[in-house]
Asker: 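This is the structure I have questions about; it appears just below.
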Amino acid sequence: DTFKNLIRTSAALRAQGNFQQSIESVEAKLGELHADCRENAYLEIIYAANEGKLPEIAQKYAKLLAAIDPNIPIVKKVLG
């Protein structure tokens, strides 16, 4: 499944400390993802951005995710 492979690849890049590359790998595929998968893709980007100390990227995707569900804990953490 393409989505699972995307998340696996992104998680592996995060584990290697390649946070920007992790984010870019997911961003490049966002337009191809079904809406149900996009929510998890946003989460993956937020995790990578937080770990890579990239708050502006984390905030961008937290705002997009908040429009879907403002009660997700990471959204509340990032947006305050």
Asker: Run through the side-chain heavy atoms of Ile, Leu, Val, Met, Phe, Trp and Tyr, join any pair under 4.5 Å, and report what else lands in I72's cluster.
Answerer: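 Noted: I72 shares its cluster with F3, L6, I7, I23, V26, L30, L33, Y42, L43, I45, I46, Y47, L54, I57, Y61, L64, L65, I68, I74, V75, V78, L79.
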
Asker: With rounding to the nearest 0.5 angstrom, report the CG to CD distance, L13 to E51.
Answerer: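 Result: 11.5 Å between the selected atoms.
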
Asker: With side-chain hydrogen bond (donor to acceptor under 3.5 Å, both in side chains) as the test, would you mind laying out the steps for S22 and S10 before giving the verdict?
Answerer: CA-CA 5 Å; S22 171; S10 176; 2.6 Å; yes

Asker: Taking the side chain as every heavy atom from C-beta outward, state whether E44 and R14 have any atom pair closer than 4.5 Å.
Answerer: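 Touching, per the 4.5 Å side-chain cut-off.
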
Asker: With sequence neighbours left out, what residues match E56 under side-chain hydrogen bond (donor to acceptor under 3.5 Å, both in side chains)?
Answerer: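 Partners of E56 under the side-chain hydrogen bond (donor to acceptor under 3.5 Å, both in side chains) test: none.
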
Asker: To the nearest 0.5 Å, tell me how far K29 NZ sits from C37 SG.
Answerer: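 Going from the NZ atom of K29 to the SG atom of C37 covers 13.5 Å.
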
Asker: Quick one: NE2 on H34 to OG1 on T2, what's the gap to the nearest 0.5 Å?
Answerer: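 If I round to the nearest 0.5 Å, the distance is 14.0 Å.
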
Asker: To the closest 0.5 Å, what do you measure between CZ (R8) and OG (S25)?
Answerer: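 It is 13.5 Å, given to the nearest 0.5 Å.
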
